[in-house]
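Below is one structure, written out as structure tokens; comments come after it.
Ligands are counted one by one from 1 in listed order, and the atoms in each one are counted from 1 as well.
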Amino acid sequence: MKTALITGGTKGIGKGIARVLLESGYEVAINYDRDEQAALETQREFNMSGYCPVLLKADVSSEADVKAMFREFFDTFDRLDLLVNNAGIALVKLMQDTTLDEYERLFGVNMRGTFLCSKLAVPHMVHAGQGCIVNIASIWGEVGASCETLYSATKGAVIAFTQGLSKELAPSNIRVNCVSPGVIDTDMNSDLTPTEMEDLIQSVPLGRIGQPEDVGQAVLYLAEAEYVTGVNIPVGGGFAK
Ligand code: NAD
């Protein structure tokens, strides 16, 4: 059975990805960083549907945590077919008001976390002669968002990282792709006012906000599409700004 490790997978998009992969027969490890209660609740919810995901605690921006997480993963599973670098944080703020600490934290989780987890996964995939990495970027990483300049920059970095790594690892039969969600119904957008949300939905040609499982479907496609590498799939209902 194929295995997947999803970072930041106990809620929002990560949980939607976990659901799609579990329903498709993957054995899944779900990483979480702090909220053990929420993680256990998510695990219980999946258990009630007949699935048994494993929980792995780690702050993806910490090298020590990520190393421990991979040790624990390989204590449980003997293969890693799919790494989904989903854990991420956002910041809505003018660039000139953003502190260096906030900058470090944003890049720490969104880019450094993607780097650290990929770095630890790749040797196992090279050894296995196959593997797949899917990074969750953002449409803002392609076109930039006002008041989310630093967030956009982290996601632009994730897209470039994906493209470079896809070329580096293709000879090892490891595929690296990313998914760029548009507006998805998660806590990350909970600060938006109903008017702001309505405005955003108006600019989505498909006329609705995306669901976490919509992103999950794109991840599943990339996990299974054996001749696809180095691409960035927008999942935004046609949203383009
Ligand atoms: P969310 O806030 O609901 O979930 C983010 C997850 O990441 C949480 O489980 C959180 O615990 C985890 N996380 C945060 N910091 C972590 C760390 N240091 N170590 C491990 N886990 C950590 O947000 P979401 O909307 O589900 O976002 C998931 C991904 O999708 C993020 O990378 C985000 O940037 C991206 N994204 C979201 C949207 C959207 O509209 N929701 C759009 C584009 C991209």
In terms of ring plane angle, is the pair Phe74 and His124 parallel, tilted or perpendicular, where the classes change at 30° and 60°? parallel
Lys/Arg-Asp/Glu bridge criterion (N-O < 4.0 Å) met for Arg105, Glu102:
no
With sequence neighbours left out, the residues meeting ring pair (Phe, Tyr, Trp, His ring centres under 6.0 Å) with Phe115 are none
Sorted by chain and residue number, the salt bridge (Lys or Arg N to Asp or Glu O under 4.0 Å) partners of Lys167 (sequence neighbours excluded) come out as none
Applied to residues 145-160, the side-chain hydrogen bond (donor to acceptor under 3.5 Å, both in side chains) test, sequence neighbours excluded, yields Asn110-Thr154
Per-pair distances, ligand 1 N/O vs protein N/O, less than 3.5 Å:
residue: ligand 1; atom: 2 (O); partner: Lys11; partner atom: NZ; Å: 3.3
residue: ligand 1; atom: 3 (O); partner: Lys11; partner atom: NZ; Å: 3.2
residue: ligand 1; atom: 9 (O); partner: Gly8; partner atom: O; Å: 3.4
residue: ligand 1; atom: 11 (O); partner: Asp33; partner atom: OD1; Å: 3.3
residue: ligand 1; atom: 18 (N); partner: Asp59; partner atom: OD1; Å: 2.8
residue: ligand 1; atom: 19 (N); partner: Val60; partner atom: N; Å: 3.0
residue: ligand 1; atom: 25 (O); partner: Thr186; partner atom: OG1; Å: 2.5
residue: ligand 1; atom: 26 (O); partner: Ile13; partner atom: N; Å: 2.7
residue: ligand 1; atom: 32 (O); partner: Asn86; partner atom: O; Å: 2.8
residue: ligand 1; atom: 32 (O); partner: Lys155; partner atom: NZ; Å: 2.9
residue: ligand 1; atom: 34 (O); partner: Tyr151; partner atom: OH; Å: 2.6
residue: ligand 1; atom: 34 (O); partner: Lys155; partner atom: NZ; Å: 3.1
residue: ligand 1; atom: 40 (O); partner: Gly182; partner atom: O; Å: 3.2
residue: ligand 1; atom: 40 (O); partner: Ile184; partner atom: N; Å: 2.9
residue: ligand 1; atom: 40 (O); partner: Asn189; partner atom: ND2; Å: 2.8
residue: ligand 1; atom: 41 (N); partner: Ile184; partner atom: O; Å: 3.4
residue: ligand 1; atom: 41 (N); partner: Thr186; partner atom: OG1; Å: 3.0

Are the charged groups of Arg19 and Glu213 less than 4.0 angstrom apart, N to O?
-> yes
